[in-house]
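Small disclaimer: the values here were computed from a predicted structure and weren't measured. Per chain, numbering begins at 1; letters A, B, ... match sequence-line order.
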There are 2 protein chains.
Amino acid sequence: MPEVVDLGGFAKQSIALKRRTSLADGAADLLREMILLNKLSPGMPLPERDICAALGISRTPLREAIRLLNVEGLIEYSAARRPKVANPSLQEIAAYLRVQGALEALGGELACANATDQELENIAGLNREMIAMSGKEEPLVSFKRDMNFHCQIIAAGRNSPLVDTHATYNARLWRARFVSSQRKMGRGSTLREHQEIVDALLERDPKKTAKALKHHLDTAVSNISEVLEEQSRQLSSVL
Amino acid sequence: MPEVVDLGGFAKQSIALKRRTSLADGAADLLREMILLNKLSPGMPLPERDICAALGISRTPLREAIRLLNVEGLIEYSAARRPKVANPSLQEIAAYLRVQGALEALGGELACANATDQELENIAGLNREMIAMSGKEEPLVSFKRDMNFHCQIIAAGRNSPLVDTHATYNARLWRARFVSSQRKMGRGSTLREHQEIVDALLERDPKKTAKALKHHLDTAVSNISEVLEEQSRQLSSVL
DNA sequence: ACCATTATTTTGGTATACCAAAATAATGGG
DNA sequence: CCCATTATTTTGGTATACCAAAATAATGGT
């Protein structure tokens, strides 16, 4: 079965309706969301005209959207310059995580210095919710909570370029982390690591916070490695 | 005098000739270079049609180029969505430098683990050249040598997303660092800090390298602060 | 001479038409 | 039946035309 571009429930009006922004930005937002939610699988080709028809816009703004997502790393070009959904290898994901680890460590340090008590309390609250809800809600919901936890820490650091760059790496890693989270859900270690991060933040200890965040990202590397290696093993056994 | 878009020696054929790549990418490269070399001053408006005429291309590829440079942070949009050369405030530059510091620290750690002896030797060689040539060459030349020194370290870390992100931040910081370097050239401290970095690298000591790089970037913050504050003082005295 | 208001121009956003290269389908000889 | 070769279609790259909003110039009343 040749993968067909069917944008399902999304499409047309979604863009046209919320016309506060340009069609290009709207299309980029929509495509980004669809890639993150796995509505568009990695490696799937994105022929401009088909996507245009599905989104109800012309090629000019769509091409700008594709360019944007290309810079963000969610869309890549084949050798013949045909756009397709990015399909990062395990090595690339590991490379992303290394950088993300450094960014979050910096964010943690900055948060210790710049966050308000209220912000830290909110972060601690998010952590408590995650503990209370552990295993009792949909994977996507708890996953989003997890992502939000990290983003709040970065935001509290008050460095807007850092927020942007972190968001970009988050998008690149979203899929892999989501797949990973569905497998080894709630395996205690995640919650424990989050607790360490929160503790360090509340103490406003930059070094400790940075270390805790870096450690958390490191275990993410090994978790993702396991899951993805298992996947590729299953795949090769079918072929 | 209203700032006029005169692309001087650049323009037309520059893009059309080296047609290995798309016009959009070519235009982006050209504009990026012009912004970095200060051929286009910060804050200068970039009306699409004028730039098109100057570059000899149509609006479609140019707009894609502008989008690209916007994501990279070299071009920003006014409230009325008019593109202009980015003009980061001192606070923004400081924010960039913080992130760049974290990225370089990571790059240094990775270099300790992944660089070949040859690569480290090349980096050490660059450092020796800078010492030998100190104060004896054009500012732009020694500045480029300095930038190259840092880029080589990052490259030796073998993490391509890191290389890309570092390059982006480098571009955002290029102008500020160049202006700064012309003022307080060769003020020993730079050379001394570089030496510390090289020493740590040759020992392949990750922590030490990271620390040396972070320290180097921190002094860059204060240097740039001094220079730019002085500039704005002069400016306000004229007004 | 100044300000509010209207007319004109300029500007970014979008759609469409056309082209060359690449991919795919069709064809024919072994 | 298979493979090389040619014809057709599809695809991304580019230029251009048109529109609405914003900026600027022109106008007129005080």
Side-chain angles (χ1 to χ4, degrees), chain A residues 1-7 11-31 40 43-71 74-86, chain B residues 1-5 11-31 40 43-71 74-86:
Chain A
M1 163 186 168
E3 299 215 76
V4 155
V5 182
D6 167 28
L7 281 65
K12 310 229 179 197
Q13 295 130 329
S14 313
I15 291 184
L17 284 182
K18 47 175 169 184
R19 279 286 267 116
R20 312 190 77 88
T21 172
S22 72
L23 292 186
D25 290 337
D29 291 343
L30 204 55
L31 290 175
L40 296 172
M44 176 184 286
L46 298 174
E48 296 181 350
R49 286 171 175 82
D50 292 355
I51 306 291
C52 286
L55 262 53
I57 64 177
S58 81
R59 283 182 63 206
T60 312
L62 177 78
R63 291 189 93 247
E64 290 182 5
I66 290 181
R67 282 268 181 181
L68 218 109
L69 296 176
N70 176 45
V71 179
L74 296 185
I75 289 181
E76 58 192 14
Y77 287 95
S78 74
R81 287 204 60 78
R82 292 218 150 81
K84 41 178 69 178
V85 179
Chain B
M1 161 183 167
E3 299 215 77
V4 154
V5 181
K12 308 230 179 196
Q13 295 131 331
S14 312
I15 291 184
L17 285 182
K18 48 176 168 183
R19 278 288 265 115
R20 310 193 75 91
T21 172
S22 72
L23 291 185
D25 290 337
D29 290 343
L30 205 55
L31 290 175
L40 296 172
M44 176 184 285
L46 298 174
E48 295 182 351
R49 287 171 175 82
D50 293 355
I51 306 290
C52 285
L55 262 52
I57 65 177
S58 81
R59 281 182 64 207
T60 312
L62 177 78
R63 291 187 94 248
E64 291 181 6
I66 289 181
R67 282 270 182 181
L68 219 109
L69 295 176
N70 176 45
V71 179
L74 296 185
I75 290 181
E76 57 191 15
Y77 287 95
S78 74
R81 289 204 57 78
R82 295 220 147 81
K84 41 179 68 178
V85 179

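The separation between B/K84 atom NZ and C/dG12 atom C1' is 14 Å, rounded to whole Å. Put simply, CD on B/E48 is 18 Å from P on D/dC19, counting in whole angstrom units. Whole-Å rounding puts the A/D50 CG to D/dT10 P distance at 10 Å. The distance between atom OH of B/Y77 and atom P of C/dT11, rounded to the nearest whole Å, is 15 Å. Between the P atom of D/dA23 and the CZ atom of B/R81 lies a distance of 13 Å, rounded to the nearest Å. For the pair B/L46 CG and C/dT10 P, the interatomic distance rounds to 19 Å; values are reported in whole Å. Straight-line distance from the CZ atom of A/R49 to the P atom of C/dC18: 13 Å, rounded to whole Å. If you take CZ of A/R67 and P of D/dT14, they are 8 Å apart, rounded to a whole angstrom.
Distances from the side chain of B/R82 to the nucleotides C/dA17, C/dA15, C/dG12 place C/dG12 closest. Side-chain proximity of A/L23 to D/dT14, C/dT14, C/dA23: nearest is C/dT14. Checking C/dG12, C/dA22, C/dT14 against every side-chain atom of B/P83, the shortest atom distance belongs to C/dG12. Of all nucleotides listed (C/dA22, D/dA22, D/dT16), D/dA22 comes nearest to the side chain of B/A80.
Although no hydrogens or angles enter the test, the distance criterion places no donor-acceptor pair under 3.5 Å between the side chain of B/T21 and the main chain of B/D25.
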A/R67 vs B/E64, side-chain contact (heavy atoms from CB on, under 4.5 Å): CA-CA, chis, key distance, verdict: CA-CA 7 Å; A/R67 282 268 181 181; B/E64 291 181 6; 3.1 Å; yes
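For the pair B/E76/B/K84, a side-chain contact is recorded, criterion being any heavy-atom separation below 4.5 Å from C-beta on. Here the side chains of A/R59 and A/C52 are in contact, with some heavy-atom distance below 4.5 Å.
OP1 or OP2 of C/dT14 has not a single side-chain nitrogen or oxygen of A/T60 nearer than 4.0 Å.
In this structure D/dG28 sits in a base pair with C/dC3, meeting the Watson-Crick or G-U test at under 3.5 Å. Here C/dA22 sits opposite D/dT9 as a Watson-Crick or G-U wobble pair (both hydrogen-bonding atom distances under 3.5 Å).
For the side-chain contact (heavy atoms from CB on, under 4.5 Å) with B/V85, the lone residue among B/L31, B/L69, B/I75, B/L46 that qualifies is B/L46.
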